[in-house]
Amino acid sequence: MSSLTLKEIGSRFTRAVGLVARPLCVYGSEEIPARAVPVSSISPCIARAIFTTATSGEAPPIYVGGDTIRGCCPGGVSWLGFKDFPPWVKYFVSTGSKDFAHGAAEYLKASPEIAEKSIKAIGKVTPLGKYIVIQACEDILGEDPGVKSVVCFGIGEQIRNLCSLIYFR
């Protein structure tokens with residue numbers, strides 16, 4: 001089987017499962033790519049910036065690095081390995097605490113104790129490079145820059161179809 005370019009991989013994912021959002025490549029880089037903008041210029045929430053990049057047709061590549069975390073969610077930069085997890089993150093990802101952000105919470109874990117256990121189980125997160133770059137697969141025209149993952153967004157049926165591809169051959 002011949003090698004596919006990243007542009008072709010993104011295109012085939014899109015066609016095969018009917019994706020509306022663009023598939024994104026994630027990789028580490030020691031330099032900021034041309035046209036790339038810092039994540040914080042899109043949103044302080046790294047997840048929201050990634051989603052915006054996938055769903056807006058011509059968004060430039062985005063990046064985050066240890067020297068560009070100002071304006072980014074502290075939890076997000078911790079999940080990417082650019083700094084240690086703040087002690088309050090266990091409350092924010094679980095049930096909240098009146099002592100932090102007026103009780104704001106994401107309710108991703110049942111309790112602060114479970115959140116803390118999950119974070120400890122992950123261990124040290126190592127960034128992919130000086131910068132983590134997220135850009136549309138279709139925009140990577142040359143050599144593979146060392147892509148570590150492809151991120152796809154979709155509705156239930158599209159995600160089911162993506163998951164089914166593992167059994168294609």
Side-chain angles (χ1 to χ4, degrees), residues 3-14 19-94 100-101 104-106 108-109 112 115-154 159 162 165-166:
S3 271
L4 297 173
T5 66
L6 291 161
K7 182 176 181 173
E8 291 168 326
I9 290 168
S11 176
R12 287 186 183 199
F13 273 143
T14 301
L19 294 175
V20 175
R22 305 179 307 162
L24 303 175
C25 291
V26 180
Y27 60 94
S29 178
E30 297 306 307
E31 298 175 5
I32 299 169
R35 297 187 328 98
V37 298
V39 165
S40 61
S41 70
I42 306 291
S43 173
C45 174
I46 294 170
R48 185 176 298 128
I50 293 169
F51 182 74
T52 300
T53 300
T55 56
S56 44
E58 296 296 320
I62 58 175
Y63 67 92
V64 63
D67 59 349
T68 66
I69 61 175
R70 185 181 182 102
C72 291
C73 166
V77 296
S78 299
W79 287 111
L80 295 176
F82 291 112
K83 61 187 270 187
D84 291 335
F85 286 95
W88 52 260
V89 80
K90 66 183 178 184
Y91 300 108
F92 184 65
V93 299
S94 64
F100 170 73
E106 292 182 330
L108 302 173
K109 297 290 181 186
E116 188 171 42
K117 188 175 178 182
S118 295
I119 291 167
K120 284 183 180 174
I122 292 167
K124 174 83 174 118
V125 179
T126 304
L128 297 173
K130 182 175 180 181
Y131 302 101
I132 293 177
V133 180
I134 300 106
Q135 78 180 92
C137 295
E138 67 195 38
D139 292 341
I140 298 179
L141 303 176
E143 210 173 292
D144 176 0
V147 170
K148 299 297 182 197
S149 65
V150 175
V151 178
C152 298
F153 293 95
I159 300 303
L162 273 170
L165 288 176
I166 196 166

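Note that the structure is a prediction, hence the values are computed from the model and not measured.
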* **side chain to side chain contact (heavy atoms under 4.5 Å, CB included) against Pro60, all qualifying residues, sequence neighbours excluded** => Arg35, Val37

* How long is the span from the CZ atom in Arg12 to the CG atom in Leu4, to the nearest 0.5 Å? -> 4.5 Å

* Mark yes when over 12 heavy atoms from residues, nucleotides or ligands other than Asp84 sit less than 6.0 Å from its CG; otherwise mark no. => no

* Do Ile9 and Val147 come close enough that some side-chain heavy atom pair is under 4.5 Å? -> no

* To do: Could you pull out all residues at least two apart from Pro86 that satisfy side chain to side chain contact (heavy atoms under 4.5 Å, CB included)?
  => Pro74, Ser78, Trp88, Val89

* Just wondering, are more than 12 heavy atoms of other shown residues or ligands nearer than 6.0 Å to CD1 in Ile166? -> no

* To do: Go through the structure and list residues passing side chain to side chain contact (heavy atoms under 4.5 Å, CB included) with Cys152, not counting sequence neighbours.
  => Phe13, Leu19, Pro23, Val150, Leu162

* To do: List for me each residue that meets side-chain hydrogen bond (donor to acceptor under 3.5 Å, both in side chains) alongside Tyr63, sequence neighbours excluded, and say none if there are none.
  => none

* Of all residues at least two apart in sequence or in a different chain, which pass the ring pair (Phe, Tyr, Trp, His ring centres under 6.0 Å) check with Phe85? -> Trp79

Quiz: residues 38-51 side-chain donor-acceptor pairs under 3.5 angstrom, not counting sequence neighbours:
residue, atom, partner, partner atom, Å
Ser41, OG, Pro38, O, 2.7
Ser43, OG, Cys45, N, 3.1

* Mind running side chain to side chain contact (heavy atoms under 4.5 Å, CB included) on Phe153 and Thr55 for me, showing each step along the way? => CA-CA 9 Å; Phe153 293 95; Thr55 56; 5.6 Å; no

* **Residues that Tyr131 engages under side-chain hydrogen bond (donor to acceptor under 3.5 Å, both in side chains), provided they are two or more places apart** => Asp67

* **Within-4.5 Å side-chain heavy-atom neighbours: Pro127 and Val125** => no

* Residue list, side-chain hydrogen bond (donor to acceptor under 3.5 Å, both in side chains) with Ser149, at least two apart or on another chain -> none

* Asked: Can you name the residues that form a side chain to side chain contact (heavy atoms under 4.5 Å, CB included) with Leu128, not counting sequence neighbours?
  -> Val26, Ile132, Lys148

* What pair of heavy atoms forms the shortest contact from Leu6 to Cys137, and how long is it? -> O-CB, 3.4 Å

* Measuring from Thr68:OG1 to Ile32:CD1, what's the distance to the nearest 0.5 Å? -> 7.0 Å

* **Separation between NZ of Lys109 and CZ of Phe92, rounded to the nearest 0.5 Å** => 15.0 Å

* Write down the atom of Gln135, the atom of Tyr27, and the distance for their closest heavy-atom approach. => OE1-OH, 2.5 Å

* Asked: Glu8: what forms a side-chain hydrogen bond (donor to acceptor under 3.5 Å, both in side chains) with it, not counting sequence neighbours?
  -> Thr5

* Flag, side chain of Thr14 to backbone of Gly10, donor-acceptor distance under 3.5 Å -> yes

* Asked: Does anything in residues 20-34 pair up under salt bridge (charged side-chain N to carboxylate O under 4.0 Å, His left out), and if so which pairs, sequence neighbours excluded?
  -> Arg22-Glu138, Arg22-Asp139

